[in-house]
Amino acid sequence: MEMPLARFQNISLDQLRSISSSDHKVFRENSLFSGNCFGIGRRKWRNPSDQIKCLSLEQGLQPRPKPDLSRVHTDVKEVRLDETQVKKSGLRICSKIEKLVLCNRFREAFDLFEILELEGSFLVGTSTYDLLIQACIGLRSVRGVKRVFNYMTRNGFEPDQYMRNRVLLMHVKCGMMIDARNLFDEMPERNMITWNTIISGLVDAGDYLEAFRFFINMWEEISDADTRTLATMIRSAAGLEQISVGRQLHSCALKMGIGKDTFISCALIDMYSKCGNIEGAQFVFVEMPEKTTVGWNSIIAGYALHGYSEEALNMYYEMRDSGVKMDHFTFSIIIRICTRLASLEHAKQAHAGLIRHGFGLDIVADTALVDFYSKWGRVEDAQSVFDYMPCKNLISWNALIAGYGNHGHGEEALEKFEQILEEGMKPNHVTFLAVLHACSYSGLSERGWEIFQSMSRDHKIRPRPMHFACMIELLGKEGLLDEAFALIRGAPFKPTANMWAALLTASRVHGNLELGKFAAEKLYGMEPEKLINYVVLLNIYIRSGKSKEAAAVVQTLRRKGLIMRPACSWIEVKKQQHVFLSGDKCHVQTKEIYQKVDSLIHEISKLGYVPEEKTLLPDVDEQEQRVLLYHSEKLAIAFGLINTPEWTPLQIVQGHRICNDCHNAIKFISQVTQREIVMRDASRFHRFKNGSCSCGDYW
DNA sequence: TTAGGGTTAG
C-alpha cells in the first residue's frame, strides 16, 4: 500500500506545539465541552427527538414510568435462590434489558440492571453488556459507565477485541478520557477501530495536538488509516485552524482515493471555512459527487462564518429547491444567519420550517431562535420560545438573559439569573457578561457591582477583560470616573483596549478632559489605526473649546490617512432589503426620501430637537456638511415611512455605532410618527417606542 | 458478524 501518511511523520510535535496555544485555548473554552451545563463532552444524536428524550431523562425534567422493583428485590434479597433459579431469573432480566435498550428506554434498562447488581453474581453475556454500553452512550451517563464497568470487573468478564473497543467507546463518548486512555494503554491488542475511537474522543474533547500525536503513533504501530481516521484528523486540523495541516490531510485523502468521500468532503468544507479559506470549501463542495444534507449545512455555515450571510441564505433556498432533506442543523444555521441579517421575514420562515419539519423541540435551533427574538427586540417572543423548550441548557438561559438585559429589562434579567442559581446550574463567564450588561444598561450599578464581586468569590470565575470593560462602562455611566479608573489600575492583567475605550467614552459623556486624554493616549498605543479613538477625543476637545488641540488631532488623522467610512443602514420593506449610505443619493426615490427627512426634521424641531454640534473637519464646506447630516439611519427611516403605511416595527440596522445626533433624531421621529423603531448599532439593539429608547442607554 | 467518521445555538 502506498504510504501517503508517511509525510506526517515529518511533522514534529514541536511544530504542532508551535501552533498558537492561545487560539487553541480560546477554541476550547468556547467549545461545548466547557460550556454545557451537563459537564460532559460533545454529544451526538441520531435525531433531535433522541436528544430531547435523553437530555430530559437525564435532567429529570420529564416524569418517567418506574418499574415496580419491590417484588423482584424481595425475591433477590430475602428469598435465597439456588443457582438454577438465579440463572433463570438473570437470563430473564438480561433479555428484558436488551429489549428496553433496543426501544431506547435506557433508564428503565438501568433500573433492571440494578437487580443484577444487587444479586451480584450472575454472569452477564456479551450481548447484554453490548446493549448496556449502548444505553450508557445514549444517556451520556458517567455513572452508568462506572456501574457497567464495575460489574464487568467484579464478575471477571473477559472481553474480546470487539467488546474492548466497545468499552473504550463507552468511556470516550461519556467524556471519561482519563479512564479511556488508561484502558487504551492496557489493551493487549489495538486495531484501527481502537485507534479511531480514542482519536475521535481526543478531538471531541478539543485535545487536538494530542489527537495528532496519537495519529502519528497509530501510523507507526499499525501502518494504516482509513476514511474515518482522515475525517477525524481533518476535524482536528479545523479545531487547530491549521490550514497547512488540513491541506496535507486533503492530499492524503486524494492519494488514498477517498478525496471525494462524503464524510471527508464535509470535514474538508468545514476545515477550509474554519481556516479562513471559503474558496477551498466551495471547491470541495462543488466537487462532491452527491451533495448531502451535511455537505449543504457545512458550506452554508462556512459562508455565514465568513460574513456572507446573504449568499448563505441564497444557498439555503437552493438547498431547499434541490430537494435535499433539511435537518435540525440546517435550521440552527439559518436562524443564526437571520440574526446577523436581522431579517424577521426569513427568521419567521425558518421558525415555521423548523416546526413543519419536526425539529421544533431541538435545543440548539430553539436557542438560536431565543437569541434571534432577543436581539430583534421581541423579548416576549424569545420568552415564549424558551418556555416551550422541553429542556434548556446554560446557553439557552444566557441568550434569554442577554435579551432582557439588552432591552432595558434589567430586573427581569436579574430574576432569570437568580432562577439559574436556584435550579443549581453553574453560571459561566457568558452568563456574567450578560448580567453585568443588563445592570449597566438599566442603571443597576449596585447590583452590578455586587455580582461582579461575587464572580470570583462565590462562583470561582475569574473576571475577564470583557467583564472589567462592562464594569467600567457601568461606573462611567454613573459618573464614577475615578472608581472606573481605579478598576483599570487594579486589574490583575494588562488593561485591554476595550477597557480604555469604555473609560474614554465615559470621559466624553462627562466631559472629563484629563482622563479622556489619558485613555485616548493609551488607545493610540494599542490601536494606532482605529479612527474612532481619535474622533472621540476630537469631540472632547471641541466641546471643551480646545480648538488648538482639536486641530492637532485633525492633523494626526490626516497624517495617518484615516478616513471615516460611510455608515451603512438597511431596512427590510416588503421582504426586500434597501441599503443606504450616509448622504446616499443613489436610490430611485432619493427626492422623496430627502423631502421626507426635511419634513421630519422640521416636525421634530418643533418638539425641541436641536441637532448636535457637528464634529466636522474645519475646512469641510457647508454643502458637504449638509449632506453629512443625512445619516444612513434617517434615510432608511424616511424610506420606510414613504413605502410602508403599516410599518411596525421598522428595523434599521447599521454596521457602525451611530452618532448622538442620529440617535436623538430617531428618538424624536419615533415620537412624531408614533411608530416603533428597532435599530441596531455595532454592539446592541435599541427599540424606540413613543420616543423613548428601551435600553435606557444614553449617548 | 458486530464497532470507529462529517455539519448547528449564548
Side-chain angles (χ1 to χ4, degrees), chain A residues 30 32 35-37 42-45 48 51 126-127 130-131 133-134 137 160-170 172-173 191-201 203-204 225-236 238 258 261-271 273-274 281 284-285 288 292-302 304-305 326-337 339 354 359 362-372 374-375 382 385 389 392-403 405-406 427-431 433-434:
Chain A
N30 288 328
L32 272 184
N36 79 45
C37 62
R42 184 186 165 95
R43 290 162 181 244
K44 294 207 180 104
W45 311 93
Q51 180 183 15
T126 300
S127 63
D130 200 14
L131 285 157
I133 288 170
Q134 193 177 315
I137 295 170
D160 55 9
Q161 185 63 33
Y162 167 79
M163 277 310 287
R164 275 195 292 269
N165 285 341
R166 290 286 285 164
V167 170
L168 179 69
L169 179 75
M170 165 173 87
V172 160
K173 290 286 178 194
N191 61 16
M192 181 133 66
I193 294 163
T194 322
W195 283 99
N196 285 349
T197 305
I198 193 79
I199 292 175
S200 159
V203 177
D204 282 349
D226 66 358
T227 319
R228 286 177 163 87
T229 326
L230 262 283
T232 310
M233 292 322 301
I234 293 168
R235 188 151 66 91
S236 193
I258 50 170
D261 171 87
T262 307
F263 284 90
I264 295 283
S265 298
C266 295
L268 283 171
I269 293 170
D270 185 55
M271 183 276 294
S273 66
K274 284 193 176 134
V284 176
F285 178 72
M288 271 180 91
T292 58
T293 301
V294 184
W296 278 101
N297 289 347
S298 308
I299 192 71
I300 294 173
L305 186 71
M326 289 177 283
D327 64 6
H328 54 298
F329 281 80
T330 319
F331 290 105
S332 308
I333 298 162
I334 294 307
I335 294 164
R336 178 127 193 259
I337 291 168
T339 310
L354 184 78
F359 305 118
D362 177 66
I363 190 168
V364 179
D366 284 343
T367 302
L369 270 175
V370 169
D371 182 49
F372 172 82
S374 289
K375 291 211 167 96
V385 173
M389 288 170 72
K392 296 105 177 167
N393 60 17
L394 193 59
I395 303 178
S396 332
W397 278 99
N398 289 349
L400 188 71
I401 292 177
N406 289 341
N428 66 4
H429 66 278
V430 183
T431 321
L433 199 58

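On a predicted model such as this, the values are computed, not experimentally measured, just so you know. Each chain gets a letter, A, B and so on, in the order its sequence line appears, and its residues count up from 1.
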Review point. Whole Å only: how far is the CD1 atom of A:I264 from the P atom of B:dT7?
Key: 12 Å

Point to revise | d(CD1, A:I337; P, B:dG10) in whole Å | key: 12 Å

Exercise for review: May I ask you to say what A:D261 touches in the nucleic acid, namely base, sugar-phosphate or nothing, with a heavy-atom cut-off under 4.0 Å?
Suggested key: base

Review point. For A:F285, which residues count as a ring-ring contact (aromatic ring centres under 6.0 Å, His included) partner, sequence neighbours excluded?
Key: A:W296

Practice item. Give a yes or no on whether a donor-acceptor pair under 3.5 Å exists between the nucleobase atoms of B:dA3, that is its base, and the side chain of A:N191. Key: yes

Exercise for review: Quick one: label A:S265 by what it contacts on the DNA or RNA (base, sugar-phosphate, nothing), any heavy atom closer than 4.0 Å.
Suggested key: nothing

Point to revise | Nucleotide nearest A:A267 when distance is taken to its side chain, options B:dG5, B:dG6, B:dA9 | key: B:dG6

Exercise for review: Provide, to the nearest angstrom, the distance between the CG atom belonging to A:N297 and the C1' atom belonging to B:dA9.
Suggested key: 14 Å

Check your understanding: Just checking A:M163: base, sugar-phosphate only, or nothing, at a heavy-atom cut-off of under 4.0 Å?
Key -> nothing

**Study point:** Base B:dG4 paired with A:D226 side chain (donor-acceptor, <3.5 Å)
**Key:** yes

Review point. If you look at every strand shown and take non-hydrogen atoms under 4.0 Å, does A:S332 touch a base, only sugar-phosphate, or nothing?
Key: base

Check your understanding: Roughly how many Å is it from CH2 in A:W195 to C1' in B:dA3, rounded to a whole number?
Key -> 17 Å

Study note, to complete from the structure: Rounded to whole Å, the CD1-P distance (A:I137 to B:dA3) equals 11 Å

Review point. With a non-hydrogen cut-off below 4.0 angstrom, is A:T227 in contact with a base, only sugar-phosphate, or nothing?
Key: base

Check your understanding: Which is true for A:N165 with a 4.0 Å heavy-atom rule: it touches a base, it touches only sugar-phosphate, or it touches nothing?
Key -> base

Check your understanding: Reckon A:D130 touches a base, only the sugar-phosphate, or nothing at all at heavy-atom distances under 4.0 Å?
Key -> nothing

Check your understanding: Within the structure shown, what part of the strands sits under 4.0 Å from A:S127 by heavy-atom distance: base, sugar-phosphate, or nothing?
Key -> nothing

